[in-house]
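Below, read A as the first sequence line, B as the second, and so on, with proteins coming before strands; counting in each chain starts at 1.
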2 protein chains.
Amino acid sequence: MQMRNQVEWVLHCCSLLAALPEGGRLSTKALADFHGVPKEYLSKALQSLSQAGLVEGSLGPSGGYRLAKPASEITFLDIVEAVEGKGRNFACTEIRRNNPCLQGHDPKGPCQVARIMWQADAAWRRELAAVKLSELTVTLERELPADLQERATTWVAARLGGSV
Amino acid sequence: MQMRNQVEWVLHCCSLLAALPEGGRLSTKALADFHGVPKEYLSKALQSLSQAGLVEGSLGPSGGYRLAKPASEITFLDIVEAVEGKGRNFACTEIRRNNPCLQGHDPKGPCQVARIMWQADAAWRRELAAVKLSELTVTLERELPADLQERATTWVAARLGGSV
DNA sequence: TCCATAAGGATATCTATTATCCGTAAATGC
DNA sequence: GCATTTACGGATAATAGATATCCTTATGGA
């Protein structure tokens, strides 16, 4: 049971978008180059983010993506669910109903096994919901050496779209 | 990102094994019939449990599986990890190293994205580790009508192996 | 001896993930 | 208006993983 590659990608992409100057945008191509991932497939993931209302795409030259709302209002859970879906990580297929000696019995509510597994799933989501995208930016600025941050800023600036 | 079918199966199987009388065993066939799942494939999952030291298989007629230790010493996490593996649900592929403008930089320790995702994974596992298999038995006895419990007991008794 | 069983290997089938390609529409600059 | 750049969506291919079955082997019990 493993999350998709795309989840890692978009988390890093959002991190980069969060650090963009006001009004700035980055194209799929720039984001793909920056992270060394295939552009076409990354595009699909970014479209998921767009549909979830987390980022906004714009067309034309100097188009690209930017966050649709402040990084402080976007959680890790938002991003993960945009790509991975909101479905639980445990699917109960109600095998208790297959039981040959319990036929005719119509159990109410989810079975205890499912309840426990869903409770753990909820704990996982709670943890992700507690982390804002903005926290990522703060940590990165604190941990990444200043000269590298500047190189990154320069790299991004050279590819920046939008009304900057 | 969804867990395997086998996880649901073995959780229910363990639940049944935990309710067995002292020394009793159930064969793969009985467990498969009880839950309405394919015997051959369930067998693979039970072998995983066996390798993890959670259940003990024995050969010959009147052979089958029983718990390898008291249900109070087996957690949901034990069972889930036996089938699903102990690997984290988020794999960090270190895409930050692909960054074209950060070449030559050798970051120490996991990146913040991975740390956050792993923290959520840990919360999920913590939740599962907190639930003992024995709790499942207790709940089942409390919630399942007495007559159905008896029918199940009879059904199981007719297929019971081991030294009963 | 004979049968039932766990265990493990080999293989087939199906589904989801990963990836690529192409067409469309919109925005920008000329 | 026209060419270019971009997001977006559909279609499809390639790969990996999950699901399932079959067969052989070794062992225990009658």
Pick base, sugar-phosphate or nothing for S50(A), based on heavy-atom distances below 4.0 Å to the nucleic acid.
sugar-phosphate

Pick base, sugar-phosphate or nothing for Q51(B), based on heavy-atom distances below 4.0 Å to the nucleic acid.
sugar-phosphate

Between dA19(C) (C1') and H35(A) (NE2): distance, integer Å
19 Å

Length of the CG-C1' vector between L26(B) and dT5(C), whole Å
13 Å

How is E56(B) classified with respect to the nucleic acid when contacts are heavy atoms under 4.0 Å: base, sugar-phosphate, or nothing?
nothing

Let's see if you can work this out: which of dA7(C), dC8(D), dT17(C) has an atom nearest to the side-chain heavy atoms of Y41(A)?
dT17(C)

How would you list all residue pairs meeting ring-ring contact (aromatic ring centres under 6.0 Å, His included) that involve residues 129-163 of chain B, not counting sequence neighbours?
F34(B)-W155(B)

Here the distance between atom P of dT19(D) and atom CD1 of I95(A), to the nearest Å, is 13 Å

With a 4.0 Å limit, can you tell me whether Q47(B) has a side-chain N or O closer than that to the phosphate oxygens OP1/OP2 of dG8(C)?
yes

Round to the nearest Å and state the distance from R66(A) atom CZ to dA7(D) atom P.
13 Å

Mark yes when over 12 heavy atoms from residues, nucleotides or ligands other than E150(B) sit less than 6.0 Å from its CD; otherwise mark no.
no

Can you tell me the distance, in whole Å, between the CD atom of E84(B) and the C1' atom of dA18(D)?
10 Å

For residues 3-19 of chain B, which residues have at least one heavy atom under 4.0 Å from DNA chain C?
none

Check the distance between dT21(D)'s C1' and L42(B)'s CG and give it to me in whole angstrom.
14 Å

Return all side-chain donor-acceptor pairs below 3.5 angstrom for residues 60-73 of chain B, not counting sequence neighbours, or 'none' if the list is empty.
residue	atom	partner	partner atom	Å
R66(B)	NE	E56(B)	OE1	3.2
R66(B)	NH2	E56(B)	OE1	3.3

Does the side chain of T137(B) pick up a donor-acceptor pair with the side chain of E141(B) at under 3.5 Å?
no

Assess the side chains of T153(B) and Q149(B): does a donor N or O sit below 3.5 Å from an acceptor N or O?
no

What pairs with D147(B) under salt bridge (charged side-chain N to carboxylate O under 4.0 Å, His left out), at least two apart in sequence or on another chain?
none

Taking atom C1' of dT5(D) as reference, at what distance in whole Å does atom CZ of R25(A) sit?
14 Å

Evaluate K39(A) against D33(A) for salt bridge (charged side-chain N to carboxylate O under 4.0 Å, His left out), listing each step before the verdict.
CA-CA 8 Å; K39(A) 180 191 141 201; D33(A) 289 347; over 6 Å; no

What is the distance from CG of L49(A) to P of dG9(D), rounded to the nearest Å?
13 Å

What does nucleotides 21-30 of chain C look like as a protein-contact string, B for base, S for sugar-phosphate only, - for none, at under 4.0 angstrom between heavy atoms?
B----BBB--

Is R96(B) salt-bridged to E94(B), going by a charged N under 4.0 Å from an acidic O?
yes

Among pairs that include at least one residue of residues 40-64 of chain A, which meet ring-ring contact (aromatic ring centres under 6.0 Å, His included), considering only residues two or more places apart or in two chains?
W9(A)-Y41(A)

